[in-house]
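Data first, discussion second: the structure below is written as structure tokens.
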Amino acid sequence: MAMDQDEIKTIFKIGLSVLASLSYTYFISSEIPQGKLRFFSLLPILYLFFILPLSLSTALPAGVISLFVTWIGSFNLLLFSFGSGPLSSQPPPKSLLLFILLACLPIKTQSSNHRIPDKSSKPKKLPLSLATKVLLFAILVALTDYKHYFHPKVLLGQYGCMLYLFVDILVGSCNVLMRTALGIELESPSDEPYLSTSLQDFWGRRWNLMITNILRNTVYKPVRSAVEASLGREWAPPPAVLAAFLVSGLMHELIYYYMTRVTPTWEVTLFFVLHGVCLVVEVGLKKVLSPKWRWHWAVSIPMTLGFIIVTATWLFFPQLMRNGVDERAIGECKELLEFINKKFELERLVSWTSLALGG
């Protein structure tokens, strides 16, 4: 479905609603003592963030807004209710603008949870710049015009690459915005997930780092503390990991519903639960086996990516393809790329005209 004027107006109204809600949070809820009282003061905002994507009829904006607002924004407000998360950092955000950006954008400062790479085992990096990712994404979008020539499995692999590039471009653009507007250096949205040597490496250190951080603070740590109190420290991590993957699956299921508007099939939830179980088994085997039994990265990378691709082909993408969301989203991407291309050409024409007149 093409994005018409009514849809653009709806997106604009959603933006105003988010700004008004976070302004209320910044000026009023922040003055309420953290805990249950602040949580109850934010319940209307959490409900609003839950229903906002339902007013959209296009797939891509619904998916993006549900990620930024319904998931990241709501979870950050939950953390803020109890004095945790980026909105409760010390010193606290000095301006309303910074508070709003930290609430909804999937970013975090490099000083938090920064990972020290293991140089002895980590393979050589293959960095991709933001411009390169945009170019690759545009090429993959253009190739979808010839998808009838591709094997279905190859097409799903292409969709996986497009998803990675789209998320990285989206979050990378947010990083540029933050750096330009506020002078804050931010961590990359992902750390070369195509070089993951294990599921633990992929989900914990490389893929969609802000979501990982949010789930760690809102689900993993509370569940681990609760289980630790009853079962002990040794048995606390596995249930916490499974809980985090279950919540991630349910949130993806919600995003899928916003995009498809059909009854959930729970395939994507099963995808994340399966990965959670496999990750727990993987960590357990690492504890049992000595380091000399660890596979070289030249073996572990293909095995890890192969497992992710096979399970994503089985459980992650079919729900979207079955309802035609892939074609709708790709069509909307083409419209966006066409708009950017026209804007770029127009700006270049203006620039050349200015130079000619100046000459």
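Ring-plane geometry between Tyr164 and Trp207 is classed as tilted, the angle between the planes lying from 30 to 60 degrees on a 0 to 90 degree scale.
Here the side chains of Leu22 and Leu77 are in contact, with some heavy-atom distance below 4.5 Å. Contact check for Ile65 versus Val18: no side-chain heavy atoms found under the 4.5 Å cut-off. Side-chain contact between Leu60 and Met259 is absent, with no heavy atoms from C-beta onward closer than 4.5 Å. Contact check for Ile28 versus Ser41: no side-chain heavy atoms found under the 4.5 Å cut-off.
A donor-acceptor pair under 3.5 Å is absent between the side-chain atoms of Ser74 and the main chain of Trp71, judged by distance alone. With hydrogens and angles disregarded, no donor-acceptor distance shorter than 3.5 Å links the side chain of Ser29 to the backbone of Thr25. For Gln200 (side chain) and Glu282 (main-chain N/O), no donor-acceptor pair under 3.5 Å exists by modelled atom type. The closest donor-acceptor contact from the side chain of Thr304 to the backbone of Thr197 lies under 3.5 Å. The backbone N or O of Gly85 sits nowhere less than 3.5 Å from a side-chain atom of Ser88 that would complete a donor-acceptor pair. Looking at Glu228, its side chain never comes within 3.5 Å of a backbone N or O of Arg233 through a donor-acceptor pair. Panel note: side chain Thr144, backbone Lys147; no donor-acceptor pair is recorded below 3.5 Å. The closest donor-acceptor contact from the side chain of Ser248 to the backbone of Ala244 lies at 3.5 Å or more, if one exists at all.
Counted by atom type alone, Thr269 and His252 present zero donor-acceptor pairs between their side chains at under 3.5 Å. Using modelled atom types, one finds a donor on one side chain and an acceptor on the other under 3.5 Å when comparing Tyr220 with Arg224. No side-chain donor-acceptor contact under 3.5 Å links Thr260 and Gln319.
A single hydrophobic cluster is not seen to contain both Ile309 and Met321; linkage of ILVMFWY side chains at heavy-atom distances under 4.5 Å, directly or through other members, places them apart. Cluster membership check: Tyr24 shares its hydrophobic cluster with Phe27, using side-chain heavy-atom separations under 4.5 Å among Ile, Leu, Val, Met, Phe, Trp and Tyr. In the hydrophobic cluster analysis, where Ile, Leu, Val, Met, Phe, Trp and Tyr join through side-chain heavy atoms closer than 4.5 angstrom, Val69 is grouped apart from Leu79. Note on Tyr47: it clusters hydrophobically with Phe68, by side-chain heavy-atom contacts below 4.5 Å among ILVMFWY residues. Hydrophobic clustering (ILVMFWY, side-chain heavy atoms < 4.5 Å, transitive): Leu37 and Leu42 are in distinct clusters.
With Tyr257 as the partner, the side chain to side chain contact (heavy atoms under 4.5 Å, CB included) test is satisfied by one option alone out of Thr263, Leu54, Val262: Leu54. For the side-chain hydrogen bond (donor to acceptor under 3.5 Å, both in side chains) with Ser190, the lone residue among Thr212, Asn208, Asp168 that qualifies is Asp168. When the options Leu285, Leu279, Val283 are evaluated for a side chain to side chain contact (heavy atoms under 4.5 Å, CB included) with Val281, the one that passes is Leu285.
Pairs passing the salt bridge (charged side-chain N to carboxylate O under 4.0 Å, His left out) check and including a residue from residues 304-326, sequence neighbours excluded, read Glu267-Arg322.
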* To do: Under the side chain to side chain donor-acceptor pair (under 3.5 Å) rule, what do Glu7 and Ser57 come out as? Steps first, then yes or no, please.
  => CA-CA 7 Å; Glu7 189 78 350; Ser57 58; 3.0 Å; yes
* To do: Go through the steps for Phe316 and Tyr256 under the test side chain to side chain contact (heavy atoms under 4.5 Å, CB included), then give the verdict.
  => CA-CA 10 Å; Phe316 192 87; Tyr256 276 26; 3.2 Å; yes
* Given side chain to side chain contact (heavy atoms under 4.5 Å, CB included), test Phe245 with Val273 step by step and report yes or no. => CA-CA 6 Å; Phe245 273 88; Val273 171; 5.8 Å; no
* Yes or no on side chain to side chain contact (heavy atoms under 4.5 Å, CB included) for Leu52 and Thr70, after CA distance, side-chain angles and deciding distance? -> CA-CA 8 Å; Leu52 280 176; Thr70 308; 5.7 Å; no
* Could you walk me through whether Asp201 and Arg206 pass the salt bridge (charged side-chain N to carboxylate O under 4.0 Å, His left out) test, one step at a time? => CA-CA 6 Å; Asp201 188 32; Arg206 291 187 179 274; 2.9 Å; yes
* **Working for ring pair (Phe, Tyr, Trp, His ring centres under 6.0 Å), residues Phe99 and Phe80** => CA-CA 11 Å; Phe99 186 88; Phe80 179 67; 5.6 Å; yes
* **Intermediate values then yes/no, side chain to side chain donor-acceptor pair (under 3.5 Å), Thr58 and Glu332** => CA-CA 8 Å; Thr58 45; Glu332 292 158 12; 4.7 Å; no
* Under the side chain to side chain contact (heavy atoms under 4.5 Å, CB included) rule, what do Tyr258 and Leu56 come out as? Steps first, then yes or no, please. => CA-CA 8 Å; Tyr258 290 135; Leu56 294 166; over 6 Å; no
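Here the straight-line distance linking atom CZ of Phe317 with atom CZ of Phe271 works out to 8.0 Å at 0.5 Å rounding.
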